[in-house]
Amino acid sequence: MLPGLMQTTPLQISSILRYAAAAHARRPIVSQPIDEPLWRYDVARFAGRCGQAANALKALGVQPGDRVSSLAWNNHRHLELFYAVTGYGAVLHTANPRLFDEQLIYTIERAESVVLFFDRNLLEVV
């Protein structure tokens with residue numbers, strides 16, 4: 001490696017999010033949840049919601065390195081969890097809602113997560 005070419009800032013999810021919020025604050029994000037109206041916001045609001053979710057993890061007693069499971073569809077809330085959980089230093093285990101119940105139970109138990117986040121329309125599955 002040539003001297004002076006080494007990156008001085010660690011490549012972290014939280015750093016990527018901070019950069020996106022600073023450089024692209026007003027860029028729109030559009031999400032279509034399964035059984036809700038279209039959701040629109042911008043990168044700045046997205047970053048703020050990720051921070052709120054990270055604070056919620058702390059309030060729930062989640063520690064860096066803990067595993068957190070999500071049972072959710074591909075929507076804005078799931079994206080926020082990806083940045084919040086990994087940016088907080090925990091590990092996000094994404095459980096696939098299309099699996100059979102036995103498979104879901106196995107993967108979630110195997111992950112040994114301290115908390116499970118799920119979409120409201122998956123309450124019956126949970």
Side-chain angles (χ1 to χ4, degrees):
M1 168 120 357
L2 297 173
L5 293 181
M6 188 67 166
Q7 184 174 339
T8 58
T9 304
L11 184 58
Q12 299 174 326
I13 293 292
S14 55
S15 300
I16 293 169
L17 182 59
R18 276 193 300 278
Y19 172 79
H24 304 284
R26 300 293 161 233
R27 185 153 325 248
I29 298 173
V30 180
S31 173
Q32 178 60 71
I34 298 286
D35 57 355
E36 299 172 38
L38 199 64
W39 179 267
R40 294 177 185 271
Y41 60 158
D42 58 26
V43 174
R45 188 160 169 224
F46 163 73
R49 287 173 55 98
C50 291
Q52 289 175 324
N55 287 334
L57 293 169
K58 185 175 183 178
L60 288 169
V62 175
Q63 299 294 315
D66 282 350
R67 287 169 299 285
V68 173
S69 285
S70 69
L71 181 62
W73 301 108
N74 188 12
N75 58 42
H76 63 285
R77 286 185 299 270
H78 202 228
L79 179 64
E80 291 163 6
L81 272 179
F82 174 79
Y83 279 90
V85 172
T86 57
Y88 181 72
V91 177
L92 181 64
H93 164 250
T94 56
N96 186 343
R98 291 187 173 92
L99 293 176
F100 293 112
D101 290 348
E102 299 80 25
Q103 294 168 317
L104 271 173
I105 292 166
Y106 176 81
T107 61
I108 291 171
E109 286 180 348
R110 185 86 171 162
E112 297 180 351
S113 294
V114 297
V115 68
L116 168 67
F117 289 94
F118 59 92
D119 280 346
R120 286 180 286 233
N121 63 4
L122 295 169
L123 177 60
E124 189 174 308
V125 174
V126 173

### Partners passing side chain to side chain contact (heavy atoms under 4.5 Å, CB included) against L38 (at least two apart in sequence or in another chain)
V30, Q32, R40

### salt bridge (charged side-chain N to carboxylate O under 4.0 Å, His left out) contacts in which one or both residues fall within residues 80-105, not counting sequence neighbours
R49-E80

### L92: hydrophobic cluster co-members (side-chain, 4.5 Å)
I13, L17, I29, W39, Y41, V43, F46, L57, L60, V62, V68, L79, L81, F82, Y83, V85, Y88, V114, V115, F117

#### Entry: side-chain hydrogen bond (donor to acceptor under 3.5 Å, both in side chains) partners for T107, two or more places apart
none

#### Entry: Partners passing side chain to side chain contact (heavy atoms under 4.5 Å, CB included) against Q12 (at least two apart in sequence or in another chain)
P10, S14, S15

### Query
Could you give all pairs that pass the ring-ring contact (aromatic ring centres under 6.0 Å, His included) test and reach residues 49-69, with sequence neighbours left out?
none

### Query
Considering all heavy atoms of both residues, which atom of A54 and which atom of A84 are nearest to each other, and what is their separation?
N-CB, 3.8 Å

### Message
Give me the atom names and distance for the closest heavy-atom approach of S31 to H76.
### Response
OG-N, 3.0 Å

### Message
The criterion is side-chain hydrogen bond (donor to acceptor under 3.5 Å, both in side chains); which residues satisfy it with R27, sequence neighbours excluded?
### Response
H24

### Query
Can you tell me how far the OG atom of S70 sits from the CZ atom of R77, to the nearest 0.5 Å?
12.0 Å

### Task
Report the distance from atom CD1 of I34 to atom CG of N121, rounding to the nearest 0.5 Å.
6.5 Å

### Message
Going by side-chain hydrogen bond (donor to acceptor under 3.5 Å, both in side chains), name the residues that satisfy it together with R120, two or more places apart in sequence or in a different chain.
### Response
E36

#### Entry: With N75 via side-chain hydrogen bond (donor to acceptor under 3.5 Å, both in side chains) - residues at least two apart
D119

### Task
Check whether V126 and I105 end up in the same hydrophobic cluster, where Ile, Leu, Val, Met, Phe, Trp and Tyr are linked by side-chain heavy atoms less than 4.5 Å apart.
no

### Query
Among pairs that include at least one residue of residues 11-26, which meet salt bridge (charged side-chain N to carboxylate O under 4.0 Å, His left out), considering only residues two or more places apart or in two chains?
R26-D42

### Within one Ile-Leu-Val-Met-Phe-Trp-Tyr cluster: W73 and F100, side-chain cutoff 4.5 Å
no

### Selection residues 53-70 - residue pairs positive for salt bridge (charged side-chain N to carboxylate O under 4.0 Å, His left out), sequence neighbours left out
R67-E112

### Message
On a heavy-atom basis, which atom in A72 and which in P97 lie closest, and how many Å separate them?
### Response
O-CG, 3.7 Å

### Query
N96 versus Q103: any side-chain heavy-atom pair under 4.5 Å?
no

### Task
Applying side chain to side chain contact (heavy atoms under 4.5 Å, CB included), name anything that partners A21, two or more places apart in sequence or on another chain.
A47

## Note on the structure
Separation between CD (E109) and OG (S69), nearest 0.5 Å, reads 10.5 Å

